[in-house]
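Just so you know, these numbers use all the heavy atoms, side chains as well, and skip hydrogens, waters and symmetry mates.
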Amino acid sequence: MPLSWNEIRQNAIAFSREWTGAKSEIAEKQTFWNEFFQVFGIRRRTVAAFEEPVKNLSGDYGRIDLFWRGMLIVEHKSKGGDLGKAESQAFRYIQDLVREGRRDEAPRYVIVSDFARLALHDLEPDDRGDESQPSQSRTNGIQFPLDELYRHIQDFAFIPGYKQHRFEDQDPINLRAVRIMDDLHDALEDGGYRGHELERFLVRVLFCLFAEDTGIFEREAFHLYIENRTQPDGSDLGPQLARLFEVLNTPPSGRQKNLDDILAAFPYVNGELFAERLSFADFNRDMRNSLLACTRFDWSTISPAVFGSLFQGVMEPRERRQIGGHYTSERDIMKVIRPLFLDQLQAEFKRIKNNKSRLKQFHKKLAELRFLDPACGCGNFLVIAYRELRLLEMEVLTALNGRQRRLDIHTLSLVDVDAFHGIEISEWPARIAEVAMWLMDHQMNLKLSEKLGQYFVRLPLRKSPKIVLGNALRLDWSEIIAPEQCNYILGNPPFVGGKYQSPAQRADMKIAAGDIKGHGLLDYVAGWYVKAAKYIQNTDIVVCFVSTNSITQGEQVGALWKHLFQRFGLKIHFAHRTFPWESEARGKAHVHVVVIGFAAYDAKKKRIFECHNGNPSASCVENVSPYLVDGPDRAVVNRQQPLCEVPQIHFGNQPIDGGHFLLDRKERAELLSKEPDAKKFVRQYIGAREFINGEKRWCLWLKDATPSELRSMPEIMRRIKAVKEFRLASKRPATRELAVVSTEFAFVSHPNKAYLLIPSVSSEKRRYIPMAFMSARVIASNLCLIIPGAKQFHFGVLSSAMHMAWVRQVGGRLESRYRYSNKLVYNNFPWPQEPTDKQREKAESAASNVLDIRKEFLKNGATLADLYDPLAMPPKLSKAHAALDRAVDRCYRRQPFTSERQRVEFLFSLYDKLTSPLIHPARNKRRGRRV
């Protein structure tokens, strides 16, 4: 069992006491770090090693004091030593690791110490910093005396394996807050207090915890009320909390004259948060103590993102998958907000901040902005957008007023929560969103108070965000906010793949996107794109959604984006290419996403954002294609014939036989022992799994068997009869018709010559899809594709980084694995145009070398799965593929490609030249921008 934070904290205190006492006189660093890891319940030797050798630039070896591959480097100095030098040494070791080809082992964290002090550096870049700077110049670092370790244990959460919340300027209380509230939820639920009332109750408790630490209530009012007005055994805590909630919902004029003084001191909150009467929650002594423990933390800096984490934490994974609910981290929300509106507003403010007349106009503009999140969940996008808008407004107010005092905040702050609108299908997260907006409003009021030297509070709550309960794909968005009043649409619509959608969700998609041919293959999130496209027509609204990356890959691109471009004239203004989702809650989601910003008009400046080894970068492009690269507004759709003059590709042979034509090793031996004459009709049968994993299967290939030969083999006849009966029993008319030719496979594509085999499905972890030439004696199943007549050059190009870049971008996915398509991937692939004989010969030679090297390993028992495992791939084979990549690259152009994105953009440019353009709709003229 992992240690609790309380246990870790206790260990840290004991550790610090020992090492700042007697042990400091006989300090020994290996003992120090062994015991340091024990603080977190981890045995050091299970994860990290002492004295790890690494070769430096001069060729000599240095030794890292403690090394945890991919995670941590520790450099330790004698007591009173220079920690700066230790830090520099650690960074040199990281550079040496990268230079030595051990980039994957380079750590994220660096710790340096001298027994008396600890310094921790997080090498992950700060998203809000200067993105042009290298990661080492933007590390997040802390340094503290050893005896304060217990105050910083959350910063070392990576050691026991806990997820670290790296929100911007975020207090560690957020980590503890989620755990505390989740535990309290579980205790109440175990006691029988469940469902809507439990969730509403917890929201109220969280509001009260926040309120007593931020001035909404008198300091410690909630804590003292529980401490002094409830029994220690918790027996009356539920009724007493219900009484408090009733008071918070009653204005002073409506309260009883004999009200308890402690209750009378609580303010009138309003906002409907406490309006609903709930049944009493039954507490015991331990649960009361837990609630009191909650009151002892400082909740004043709590991030509203905790609300989303709390919501997701109490949902079962199956429920979350079904509704497509995935909580977005604050860092990823900023990937939406900054390019959507924040960057341009901040730039405008910097231009005019010395002009008070223009500043006043700008302030008025901020107040008039209106936002809609049509799948708002717990309101995370709305909350963070509101925060950033208020922070910008504070800069405006500071520039306008300096530290002048004002008595009424309403004459100063014009941005309010009623500018934010949302749609949510479930009541619980909708209420969470409303409360989160109010809490953020209060936080911003406190910040404004600090800036202007005057305390401001908005109580009772008079304005509210407009969160509408309903199905966003069936509601009319214009009834929530008129399109001409809206400026921005943003959010994280639910992700549910076509095969995972419920009947109700499929019905939603038919309503929202039923006029799209092939809408059944679209992810659920696509419905929001279509609804938004209709809503923003003839407006200057900009939309930005976080979405599953599947809508920028495979067949979904042709179905969705062709429709959006041609029917609605959409233009993509900016995009973040694929990045892994960061969810901050229990049962966190595991998906890869994109961010796409679009409108119904063109933009002069378009940007593509991308992360390389954790370093974000932005590039300006002429146009953002639906594949999120620089390219035209075109979607690759199925093509019946290859785009270039290359051999035809086909699916392999499909039996539809109930398994009666297929043989494993045992069945093959038994058949041949009974009927030796059947040997010439038994062929090796290979599908994607058999091909990649080296498995063996056979099939009966009776295509050329004569009737007399068949009748002389009773076992073969028995199997033919079984195939016929299987096909006749099918519900599909086409399958029943195949019973007439029950001696043959249902679909036959086998050539009478060698062919190139491509598995239809392959792991996305492989750098290349394994392919191979096959003898005409081998029968390929329909889970493979075959290219009869393929030559070494074709194998070389298809096995290259250029082709794999095309596969990853254009090909579909089966779960996360590559799914190779003949009509979409192969037939549309832009092959090298007129390579010279010398270029072809080099590519063929490199391809032959790959095959020869593979053959050596395969003879010794290796499988293609072994050879193409990214961790186990033999260096010899890896180098051969790299040489093949270079040779194929030269067939396309002389200039080397330095990234996959360059390859993709080049291929799409070539594809555009080789195909006739789609008919583009007339672009909507841009109206005057309100922002």
Exercise. Examine the side chains of Y685 and N653 and answer whether a donor and an acceptor come within less than 3.5 Å of each other.
Key: no

Show which side-chain atoms of residues 656-669 pair as donor or acceptor with protein atoms under 3.5 Å away, not counting sequence neighbours.
residue	atom	partner	partner atom	Å
D657	OD1	G659	N	2.9
D657	OD2	H660	N	3.2
D657	OD2	F661	N	2.7
D664	OD1	K666	N	3.1
D664	OD1	E667	N	2.7
E667	OE1	D664	N	3.0

Exercise. Consider only side-chain N and O atoms of Y826 and H803, and report whether a donor and an acceptor are under 3.5 Å apart.
Key: no

Quiz prompt | Backbone of F565 reached by a side-chain donor or acceptor of D633 within 3.5 Å | solution = no

Practice problem: Establish, yes or no, whether a centroid distance under 6.0 Å links the rings of Y529 and F545. | Solution: yes

Practice problem: Evaluate whether atom CG of D852 has more than 12 neighbouring non-hydrogen atoms of other residues, nucleotides or ligands under 6.0 angstrom away. | Solution: yes

Quiz item: Do F579 and H592 make the cut of ring centroids closer than 6.0 angstrom?
Solution: no

Practice problem: Tell me, yes or no, whether the heavy-atom count around K534 atom NZ, taken from other residues, nucleotides or ligands under 6.0 Å, exceeds 12. | Solution: yes

Exercise. Examine H750 together with F745 and report whether their ring centres are nearer than 6.0 Å.
Key: no

Quiz prompt | Pair Y627 + F908: ring centers closer than 6.0 Å | solution = yes

Practice problem: Could you grab the distance from atom OG of S762 to atom CG of L864, nearest 0.5 Å is fine? | Solution: 9.5 Å

Quiz item: Going by atom types alone, do S712 and E709 pair a side-chain donor with an acceptor below 3.5 Å?
Solution: no

Exercise. Give a yes or no on this: more than 12 heavy atoms of other residues, nucleotides or ligands lie within 6.0 Å of atom NZ of K531.
Key: yes

Quiz item: Do Y818 and R808 have side-chain atoms, one donor and one acceptor, less than 3.5 Å apart?
Solution: yes

Quiz item: Between OG1 of T735 and CG of L728, what distance do you get to the nearest 0.5 Å?
Solution: 10.5 Å

Practice problem: Establish, from distance only, whether the side-chain atoms of R506 and Y524 form a donor-acceptor pair under 3.5 Å. | Solution: no

Quiz item: Are the side chain of S799 and the backbone of F795 linked by a donor-acceptor contact shorter than 3.5 Å?
Solution: yes

Quiz prompt | Lys/Arg N to Asp/Glu carboxylate O, K674 vs E670, below 4.0 Å | solution = no

Self-check item: From CD (Q641) to CG (N822), nearest 0.5 Å
Solution: 10.5 Å

Quiz item: Is a side-chain N or O of W561 found less than 3.5 angstrom from the main chain of I551, in a donor-acceptor match?
Solution: yes

Quiz item: Hey, are R634 and T915 close enough side-chain-wise for a donor-acceptor pair under 3.5 Å?
Solution: yes

Practice problem: With R840 as the cation and F793 as the aromatic partner, state whether NZ or CZ is under 6.0 Å from the six-membered ring centre and within 45° of the axis. | Solution: yes

Practice problem: Give a yes or no on whether the backbone of F568 and the side-chain of Q537 come within a donor-acceptor separation of less than 3.5 Å. | Solution: yes

Practice problem: Please examine the side chains of F857 and P874, heavy atoms only from C-beta on, and report whether any two atoms are closer than 4.5 Å. | Solution: yes

Practice problem: Without swapping roles, check the side chain of R697 against the backbone of I686 for a donor-acceptor pair under 3.5 Å. | Solution: no

Quiz item: Charged N to carboxylate O under 4.0 angstrom, E690 versus K696?
Solution: no

Quiz item: So, N782 side chain and G652 main chain: donor-acceptor pair closer than 3.5 Å or not?
Solution: no

Exercise. Check for a donor-acceptor pair, side chain of S760 on one end and backbone N or O of L783 on the other, with a separation under 3.5 Å.
Key: yes

Quiz item: Is there a donor in the side chain of S909 and an acceptor in the side chain of D912, or the other way round, less than 3.5 Å apart?
Solution: no

Quiz item: Taking 4.0 angstrom as the limit, do R903 and E900 come out as a salt bridge?
Solution: no

Quiz item: Can you tell me if R736 uses its side chain to pair, donor with acceptor, with the backbone of S730 under 3.5 Å?
Solution: yes

